[in-house]
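Structure, as structure tokens:
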Amino acid sequence: MSYREAKEDNIRISKAGRMTYYFPHCRFCGDEVRSLNYLRDRHYVCKECKPHKEILLKTGIFD
């Protein structure tokens, strides 16, 4: 369950009406990324890092 895993991983959770938003950290820069679900094994990428994703992965730092 994403809610339970988010709580265990100390991911910020926000509720707006009936919607639940999760704020996991960007894989590259660490900024929060707003998401409607949270999966522990997924790597989240913010809007600023997304255009540079391929280059950042080629460095080998973010395996």
Side-chain angles (χ1 to χ4, degrees):
M1 303 293 290
S2 62
Y3 183 83
R4 180 180 52 83
E5 289 179 351
K7 288 296 243 181
E8 289 173 0
D9 295 344
N10 295 320
I11 301 299
R12 184 167 69 96
I13 300 170
S14 174
K15 287 196 168 260
R18 294 175 51 187
M19 302 297 289
T20 301
Y21 295 104
Y22 300 90
F23 295 89
H25 298 282
C26 174
R27 175 182 190 177
F28 303 113
C29 69
D31 285 347
E32 289 185 334
V33 179
R34 187 174 81 165
S35 178
L36 289 172
N37 58 24
Y38 173 73
L39 299 173
R40 182 177 280 165
D41 298 330
R42 177 172 283 171
H43 294 286
Y44 293 89
V45 180
C46 69
K47 291 179 183 179
E48 289 79 20
C49 293
K50 193 170 272 189
H52 310 290
K53 180 180 176 180
E54 287 185 34
I55 295 168
L56 291 167
L57 288 173
K58 286 181 183 178
T59 64
I61 298 171
F62 302 102
D63 288 336

Is it the case that more than 12 heavy atoms not belonging to Glu8 sit under 6.0 Å from its CD atom? yes
Given 3.5 Å as the limit, does a donor-acceptor pair link the side chain of Tyr44 with the main chain of Glu32, or not? no
Name the residue from Ser2, Pro24, Ser35 that meets the side-chain contact (heavy atoms from CB on, under 4.5 Å) definition with Ile11. Pro24
Does atom CZ of Arg40 have more than 12 heavy-atom neighbours, drawn from other residues, nucleotides or ligands, at distances under 6.0 Å? yes
If Ile, Leu, Val, Met, Phe, Trp and Tyr residues are connected whenever their side-chain heavy atoms lie under 4.5 Å apart, and connections chain through other members, are Leu36 and Tyr38 in the same group? no
Does Leu56 belong to the same Ile/Leu/Val/Met/Phe/Trp/Tyr cluster as Ile61, with side-chain heavy atoms less than 4.5 Å apart forming each link? yes
side-chain contact (heavy atoms from CB on, under 4.5 Å) with Asp31: which residues, sequence neighbours excluded? Cys29
Distance in Å, Lys53 NZ paired with Lys50 NZ, rounded so as to fall on 0.5 Å steps: 7.0 Å
Separation of Ile13 CD1 from Phe23 CZ (nearest 0.5 Å): 10.0 Å
Is there a side-chain contact between His52 and Leu57 in this structure, where contact means two heavy atoms from C-beta onward sitting under 4.5 Å apart? no
Hey, mind stepping through Val33 and Arg27 against side chain to side chain contact (heavy atoms under 4.5 Å, CB included) and telling me if it holds? CA-CA 10 Å; Val33 179; Arg27 175 182 190 177; over 6 Å; no
By side chain to side chain donor-acceptor pair (under 3.5 Å), which residues pair with Lys15, not counting sequence neighbours? Thr20
Straight-line distance of Arg34 CZ to Lys47 NZ, nearest 0.5 Å: 8.0 Å
Answer whether the closest heavy-atom distance between the side chains of Tyr22 and Tyr3 falls below 4.5 Å. yes
Taken in chain and number order and not counting sequence neighbours, the residues that satisfy ring-ring contact (aromatic ring centres under 6.0 Å, His included) with Phe62 are Phe28
